[in-house]
Amino acid sequence: MGRRYDPGRRQRIIDAAIRVVGRDGIAGLSHRTVAAEADVPLGSTTYHFASLDELLVAALRQTNEGFAAAVRDSDVLADADRDPAGELARLMGEWLGGERSGVELEYELYLAALRRPALRPVAAEWTDGVTEVLARRSDPVTARALVALMDGICLQVLLTDAPYDEEYAREMLGRILRSAT
């Protein structure tokens, strides 16, 4: 019997890995749990992803797109007459106010790079990509400081269950931007 053509299988495996990590954490991720979640044969997961690190790289790359795309697509950041600190604070608020499990998952995968070196380049891609967009309104050093502050604020909100304070974020982001001029 020939192999069935299934062009969406790789993507279903990535989506399943994201659901498994979101539900059970990275410790619950295995080729077997992903295959069961994706409803594919176990061999399909190892065919598309030889290691769990390869699968995590694909999952992290996909989850990183949420906030990065919002920053890239922001009209306010492209308009020199608008307040970039206010827009970044608003975007963070929307992101943190959305599906919390998605935000937590993104940070769990992002922080997994501490123990899994294969994930570090993907984490750096996100940081570099957002920094590049923000550097259009400032400079590379200021943009990197903005990314670090946004990461810190988001982690504090996630780790402490504190409510997101958009006004505080706007003020701190504004201070960084004003110090660069």
Side-chain angles (χ1 to χ4, degrees), residues 1-74 88 90-134 144 146-164:
M1 180 175 185
R3 202 164 86 187
R4 194 175 93 212
Y5 179 66
D6 185 359
R9 186 172 288 190
R10 183 178 194 281
Q11 185 59 52
R12 284 199 324 275
I13 292 168
I14 295 168
D15 293 341
I18 290 169
R19 287 191 304 275
V20 167
V21 172
R23 183 183 61 235
D24 304 328
I26 290 176
L29 186 75
S30 69
H31 282 288
R32 189 170 307 283
T33 59
V34 171
E37 182 72 26
D39 194 26
V40 299
L42 178 60
S44 290
T45 63
T46 57
Y47 172 80
H48 289 286
F49 303 97
S51 70
L52 288 178
D53 279 350
E54 283 183 24
L55 182 53
L56 283 169
V57 164
L60 179 57
R61 194 164 269 133
Q62 183 170 309
T63 60
N64 276 350
E65 269 310 296
F67 186 72
V71 172
R72 267 194 318 272
D73 297 343
S74 171
L88 289 171
R90 183 190 66 75
L91 289 172
M92 283 181 8
E94 285 180 4
W95 187 61
L96 287 166
E99 175 58 40
R100 180 145 179 138
S101 63
V103 176
E104 290 171 354
L105 169 68
E106 187 167 340
Y107 268 97
E108 183 167 0
L109 288 168
Y110 185 62
L111 292 173
L114 292 170
R115 300 272 185 238
R116 293 178 178 262
L119 297 177
R120 290 179 187 161
V122 181
E125 283 173 20
W126 180 88
T127 301
D128 294 344
V130 175
T131 300
E132 181 181 316
V133 171
L134 296 178
R144 189 164 289 287
L146 292 169
V147 170
L149 176 62
M150 290 187 301
D151 264 346
I153 289 172
C154 290
L155 276 173
Q156 286 177 359
V157 168
L158 291 172
L159 294 174
T160 65
D161 285 327
Y164 173 67

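In this chain, residues are counted from 1 in sequence order.
- Listed by first then second residue, pairs satisfying salt bridge (charged side-chain N to carboxylate O under 4.0 Å, His left out) with a partner in residues 151-162 read R100-D161, not counting sequence neighbours.
- Remark: E132 pairs with R136 by the side-chain contact (heavy atoms from CB on, under 4.5 Å) rule, at least two apart or across chains.
- Applying the side-chain contact (heavy atoms from CB on, under 4.5 Å) test to P121 and every residue at least two apart in sequence or in another chain returns nothing.
- Sorted by first and then second residue, the ring pair (Phe, Tyr, Trp, His ring centres under 6.0 Å) pairs involving residues 12-37 (not counting sequence neighbours) form an empty list.
- The side chain to side chain donor-acceptor pair (under 3.5 Å) test applied to Q62 returns Q11, D15, not counting sequence neighbours.
- You'll find the side chain of L29 reaches within 4.5 Å of the side chain of L52, heavy atoms only.
- Two residues are said to be in side-chain contact when any heavy atoms from C-beta on lie closer than 4.5 Å; V157 and M92 fail this criterion.
- Contact annotation: the side chain of C154 never approaches that of V103 to less than 4.5 Å [non-hydrogen atoms, C-beta and beyond].
- Every side-chain contact (heavy atoms from CB on, under 4.5 Å) that A69 has, sequence neighbours left out, goes to E65, R72, D73.
- Side chains of R10 and F49 form a contact here, defined as non-hydrogen atoms less than 4.5 Å apart.
- W95 has its side chain within reach of E106: a pair of non-hydrogen atoms, C-beta onward, lies under 4.5 Å apart.
- Legend: salt bridge (charged side-chain N to carboxylate O under 4.0 Å, His left out) pairs involving residues 22-34, not counting sequence neighbours, sorted by first then second residue: R23-E37.
- Taking CE from M150 and OG1 from T127, the interatomic distance works out to 9.5 Å, rounded to the nearest 0.5 Å.
- At a threshold of 4.5 Å between non-hydrogen side-chain atoms, the residues D6 and R12 count as touching.
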task: May I have the step-by-step check of side chain to side chain contact (heavy atoms under 4.5 Å, CB included) for V71 and L91, ending in yes or no?
output: CA-CA 7 Å; V71 172; L91 289 172; 4.3 Å; yes
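- Considering every non-hydrogen atom in both T63 and L105, the closest pair reads CG2-CD2, 3.9 Å.
- Residues I26 and L109 form a side-chain contact, since some pair of their non-hydrogen atoms from C-beta on lies under 4.5 Å apart.
- Residues meeting the salt bridge (charged side-chain N to carboxylate O under 4.0 Å, His left out) test with E125, sequence neighbours left out: R61.
- Looking at heavy atoms from C-beta onward, L88 lies in side-chain contact with L134 at the 4.5 angstrom threshold.
- Residues I13 and S44 approach most closely at CD1-O, 3.6 Å, considering heavy atoms.
- Checked against side chain to side chain donor-acceptor pair (under 3.5 Å), E54 has no partners two or more places apart in sequence or in another chain.
- Of the inter-residue distances, the one linking I18 atom CD1 with L56 atom CG reads 10.0 Å to the nearest 0.5 angstrom.
- Atom-to-atom distance recorded for L158:CG and I153:CD1 is 12.0 Å, nearest 0.5 angstrom.
- Within the structure, the salt bridge (charged side-chain N to carboxylate O under 4.0 Å, His left out) test picks out the following pairs touching residues 43-53 (sequence neighbours left out): D53-R116.
- Here Y110 pairs with Y107, W126 under the ring pair (Phe, Tyr, Trp, His ring centres under 6.0 Å) rule; sequence neighbours left out.
- Remark: R144 pairs with D128 by the salt bridge (charged side-chain N to carboxylate O under 4.0 Å, His left out) rule, at least two apart or across chains.
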